[in-house]
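Okay, so here's the structure we're looking at.
Predicted model, so just to flag it, every value in this text is computed and none were measured. The residues of the chain are indexed from 1 along the displayed sequence.
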Amino acid sequence: MVLMTRVDCRLLHGQTAVSWTSGLGADCILIANDAVVDDNLRKTTMKLAKPAGTKLVIKNIEDSITALNSGVTDKYKLFIVVESIEDAAKLALAVKAVDKVNLGLVKTREGTKNISKSVNVLPEEETLIHKMADAGIEVEIRQVPNDKKIDAVRAL
């Protein structure tokens, strides 16, 4: 069961590993990212950051979509972490079980608009947020589980 998909440019770190995993009651974290799969240093760092007793799986986006749609992940209370809104949209629009996307940290880049204290979006990312929302996917902004949810579409 997919509990939530989080966009965080840092991927797995203390806030994600501890606050979100325990707050959601997740027993497995899926890092869906094309670059990390081939980066042994980042993979090692993430393995060290994961909470004890929590399974960590690192797959590229396409393999993540395939695994999620195959049912092989159904036995887990799954927390998915992606690096970008684009990756979140790819997953959410291809996997019916992904019905909640949390925007946690999206860095400032040239051409971005700030929509919360930690989320900055490009025009094409605004379009993707609308596309997910139109597909019935809840897109929210929160840094930690106890923060008040902000509807990402309204923040645009």
According to a 4.5 Å side-chain heavy-atom criterion applied to Ile, Leu, Val, Met, Phe, Trp and Tyr, with indirect links allowed, do Ile150 and Leu105 form part of one hydrophobic cluster? no
Kindly give the heavy-atom pair with the smallest separation between Ala67 and Val72, and that separation in Å. O-CG1, 3.4 Å
Using side chain to side chain donor-acceptor pair (under 3.5 Å) as the criterion, list what pairs up with Arg109, not counting sequence neighbours. Glu125
What closest approach, in Å, do Leu103 and Ile129 show between heavy atoms, and which atom pair accounts for it? CD1-CD1, 3.9 Å
Ala92: partners by side chain to side chain contact (heavy atoms under 4.5 Å, CB included), with sequence neighbours left out: Val98, Val101, Met132, Ile137
Salt bridge (Lys or Arg N to Asp or Glu O under 4.0 Å) pairs, two or more places apart, involving residues 61-79: none
Contacts of type salt bridge (Lys or Arg N to Asp or Glu O under 4.0 Å), residue Glu124, not counting sequence neighbours: none
Walk me through whether Leu68 and Leu30 qualify under side-chain contact (heavy atoms from CB on, under 4.5 Å). CA-CA 10 Å; Leu68 291 162; Leu30 168 62; 4.2 Å; yes
Hits for side chain to side chain contact (heavy atoms under 4.5 Å, CB included) against Asp39, two or more places apart or cross-chain, chain-then-number order -> Leu41, Arg42
Before giving the answer on side-chain contact (heavy atoms from CB on, under 4.5 Å), spell out for Ser64 and Leu91 the whole-Å C-alpha distance, their side-chain angles and the decisive distance to 0.1 Å. CA-CA 8 Å; Ser64 295; Leu91 274 176; 4.1 Å; yes
Linking Ile, Leu, Val, Met, Phe, Trp and Tyr by side-chain heavy atoms under 4.5 Å, what else ends up with Leu3? Met1, Met4, Leu11, Leu12, Trp20, Leu24, Ile29, Ile31, Val36, Val37, Met46, Leu56, Ile58, Phe79, Val81
Note: Pro145 and Gly23 closest approach over all heavy atoms is CG-CA, 4.4 Å
Can you tell me how far apart OG (Ser84) and CD1 (Ile61) are? Round to the nearest 0.5 Å. 7.0 Å
Is it the case that one hydrophobic cluster holds both Val139 and Leu122, taking links as side-chain heavy atoms less than 4.5 Å apart, direct or via other members? no
Residue pairs, two or more places apart or on separate chains, that pass salt bridge (Lys or Arg N to Asp or Glu O under 4.0 Å) and touch residues 10-28: Asp8-Arg10
Heavy atoms of Ile141 and Ser116 approach each other most closely as CG2-OG, 3.4 Å
Tell me every residue that passes side chain to side chain contact (heavy atoms under 4.5 Å, CB included) with Glu138, counting only those two or more places apart in sequence or in another chain. Lys100, Glu140, Lys149
List for me each residue that meets salt bridge (Lys or Arg N to Asp or Glu O under 4.0 Å) alongside Asp87, sequence neighbours excluded, and say none if there are none. none
Members besides Leu48 in its Ile/Leu/Val/Met/Phe/Trp/Tyr cluster (side-chain heavy atoms under 4.5 Å): none
Run Ile115 and Leu156 through side-chain contact (heavy atoms from CB on, under 4.5 Å) and show every step you take. CA-CA 6 Å; Ile115 62 169; Leu156 297 171; 4.0 Å; yes
Sorted by chain and residue number, the side chain to side chain contact (heavy atoms under 4.5 Å, CB included) partners of Thr108 (sequence neighbours excluded) come out as Thr112, Asn120
Of all heavy-atom pairs between Val119 and Val121, which one has the smallest distance, and what is that distance? CG1-CG1, 4.0 Å
Quick one: NZ on Lys55 to OG1 on Thr73, what's the gap to the nearest 0.5 Å? 11.5 Å
Taking salt bridge (Lys or Arg N to Asp or Glu O under 4.0 Å) as the test, write out the residues that go with Lys50, two or more places apart. none
Quick check: closest heavy atoms across Val82 and Ala32, and the distance to 0.1 Å? CG1-O, 3.6 Å
Quick check for you: to the nearest 0.5 Å, what is the distance between Ile80 atom CD1 and Lys59 atom NZ? 12.0 Å
